[in-house]
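Report on the structure given below.
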Amino acid sequence: MLYSDKVMDHFRNPRNMGTIDDADGIGEVGNAKCGDIMKMYLKIDRGIITDVKFNTFGCGSAIATSSMATEMIKGKSVKEALMLSNKAVVEALDGLPAQKIHCSVLAEEAVKAAIDNYYEKNPESFREDLFRLEDDEDSCSSGCGGCSGCGGF
Amino acid sequence: MQVYADNAATTKMSKKSFETTVSYMENEYGNPSSLYTIGQKAQEALVSARESIAGNLGCEPREITFTSGGSEADNQAIVSAAEIGIKKGKKHIISTEFEHHAVLHTLDKLKKRGFEITLLPVHSDGLVRVGELSKAIRPDTVLVTIMFANNEIGTLQPIAEIGKLCKEKGVIFHTDAVQAVGHVKVNVKELNIDMLSMSAHKFHGPKGAGLLYARKGILLSSIIEGGAQERGKRAGTENVPAIVGMAAAFTESCENMDANYQYVKGLRDILIDELSKIPHSKINGSVEKRLPGNVNICFEGIEGESLLLLLDDKGVSASSGSACTSGSLDPSHVLLALGLPHEIAHGSLRLSLSEYNTEEEVKHIIKVVPEVVEYLRSMSPVWKDLKEGRKEYVI
């Protein structure tokens, strides 16, 4: 089989499929020419992603990675969502065929594009989230002294 | 319900072909080059397979070289013509934009050896224009290679006119007839075909057998060196079980061709009529000049691979020209050659029927395809944009 059971499960029963009319952030990535477009809708309340929906035009893995990405960021802070990597999506799906890795990259980019759009519309929140991020930094126990996740802000 | 609707990819073996093939694996398994009885029996089987196939193609048995299938036959035909061209100082070959990769990739290789290749357009109906071919033929043209029927959209090329023109102009004419033989009447002499490729598994024969017909007088170059099998033109112990199975399947297909044609075309026309009712869909290629079993249709706003996976869940085996089924980011070169934009070509579906399909199966396809298309459109941002007027429909 081309795809893992998990990919097929997310493809057959996509989580969080749909749109949000009053979304706080919307991101669209990919293009129809290449055969993949993902559109991500976020509802954000005080730095927490309270709801997320997606629409995808694409192959089985494009739909599955969109679904998995929404599941991985729902209920998480914006900061955590920004740290979502395509690799994590691939791992959560028990792997993807090599020629399908670009779908997971699109899923990561769709999340980031939606958050970008949210900050564009809410520059104040950006500052608030920034402070919250600094607070979080105190509780970070990794002692790395500024990893890309925390130090990036 | 399970519906196999991908007969252009491969077919189920007929009972007769299967039993013939197996008997030559189990009983008459000798090497045709051996002198003892069991080897000679295999040799006799090869002789009669060659005679029976030649009879159905309208050629001499000695004009047939057995190969491993259509791709090998295409390779050998083109390479042989190129060798003839080199000897005569003719290094120009004409083909079409939508040939099978067995032809296009072989031509790419020849380009590196200094050949000039002209690929004719196939227009939105998927048909070559004989007038354009005539203009493209030059004094240094050695070969015209144009497929009999396209593997994705099933369009039947004007082979008789092409054969006549090539004969008049003294150019070798090869046709990849893999999709056509066994389904429509093919007589190489009547159609003035100099070389023809065919493959057993497209007409209910076994995989791993095919042949190259080359008119007497056209010198073949061997592309597999070794023993003196196939008059030294194709080394390697003959695949006797598959070859006799091919002959059995071909005889059956030719005997029942008229009845099969009418029956399969009837089923196909129901499919075309019903699936065309799906809004913003389009049948690709000429409906009139088309193989009896081929349906190729695009649905705007969705992508082919997800369509195939969901159809598979509903028991339908089909195929698509979407990029995701090809391993590259570009959709099928055949659909692009028709002038379809990338985003439309990604949403294509090929259903290819055979005489083994039933009306109930066709009804099942008609029921599930619109369901799956509607579901995928419901989650497609492209469809949402089209529906809400932010983008213009293309089809």
Side-chain angles (χ1 to χ4, degrees), chain A residues 1-5 7-21 23 26-41 53-67 70 96-107 109-110 113-114 117, chain B residues 280 298-315 317 319-332 335-336 340-349 371-388 390-395:
Chain A
M1 183 62 196
L2 179 66
Y3 291 129
S4 71
D5 290 347
V7 172
M8 286 309 288
D9 176 39
H10 275 262
F11 167 67
R12 289 190 179 113
N13 311 293
R15 294 17 162 207
N16 305 308
M17 199 240 288
T19 59
I20 300 173
D21 287 341
I26 301 175
E28 184 176 306
V29 296
N31 71 65
K33 221 182 150 194
C34 302
D36 300 292
I37 293 185
M38 286 180 197
K39 199 163 181 177
M40 204 73 82
Y41 300 78
K53 297 272 187 216
F54 80 90
N55 264 191
T56 290
F57 161 89
C59 59
S61 65
I63 291 167
T65 52
S66 314
S67 165
T70 59
L96 280 177
Q99 73 270 27
K100 301 286 185 178
I101 295 294
H102 76 275
C103 293
S104 67
V105 174
L106 276 185
E109 286 173 354
N117 177 251
Chain B
H280 304 287
C298 281
F299 303 108
E300 190 158 16
I302 63 168
E303 194 278 332
E305 191 209 79
S306 42
L307 177 65
L308 295 189
L309 291 171
L310 291 173
L311 284 178
D312 185 33
D313 281 351
K314 291 178 185 286
S317 309
S319 158
S320 170
S322 105
C324 284
T325 56
S326 72
S328 81
L329 278 180
D330 281 327
S332 131
L335 299 178
L336 294 181
L340 289 177
H342 278 65
E343 55 267 44
I344 301 298
H346 282 300
S348 76
L349 172 69
E371 290 171 3
V372 172
V373 170
E374 199 184 324
Y375 167 73
L376 286 172
R377 281 178 170 172
S378 78
M379 71 155 85
S380 162
V382 177
W383 185 250
K384 198 168 155 47
D385 284 348
L386 292 165
K387 220 172 63 176
E388 292 170 5
R390 283 186 297 277
K391 257 187 212 161
E392 297 262 339
Y393 289 104
V394 178
I395 55 176

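In what follows, every chain begins at residue 1, and chains take the letters A, B, ... in the order their sequences are listed. Just so it is clear, the model here is predicted, and its values are computed rather than measured.
- Residues passing the side chain to side chain contact (heavy atoms under 4.5 Å, CB included) test with B:Pro341, sequence neighbours excluded: B:Glu343, B:Ile344, B:Val394.
- Only the side chain of A:Ile63 comes within contact range of chain B, judged by heavy atoms closer than 4.5 Å.
- Contacts of A:Ser61 with chain B are made by backbone atoms alone, with heavy-atom separations under 4.5 Å and no side-chain atom involved.
- Between B:His280 and B:Tyr393, the ring planes are parallel. Angles under 30° get that label, and only those over 60° would be called perpendicular.
- The line from NE2 of A:His102 to CG of A:Asp36 is 4.0 Å long, rounded to the nearest 0.5 Å.
- A salt bridge is defined here as a Lys NZ or Arg NE, NH1 or NH2 lying under 4.0 Å from an Asp or Glu carboxylate O, and A:Asp21 with A:Lys53 fails to meet this definition.
- In this structure, the portions of B:Leu310 lying under 4.5 Å from any heavy atom of chain A include both its backbone and its side chain.
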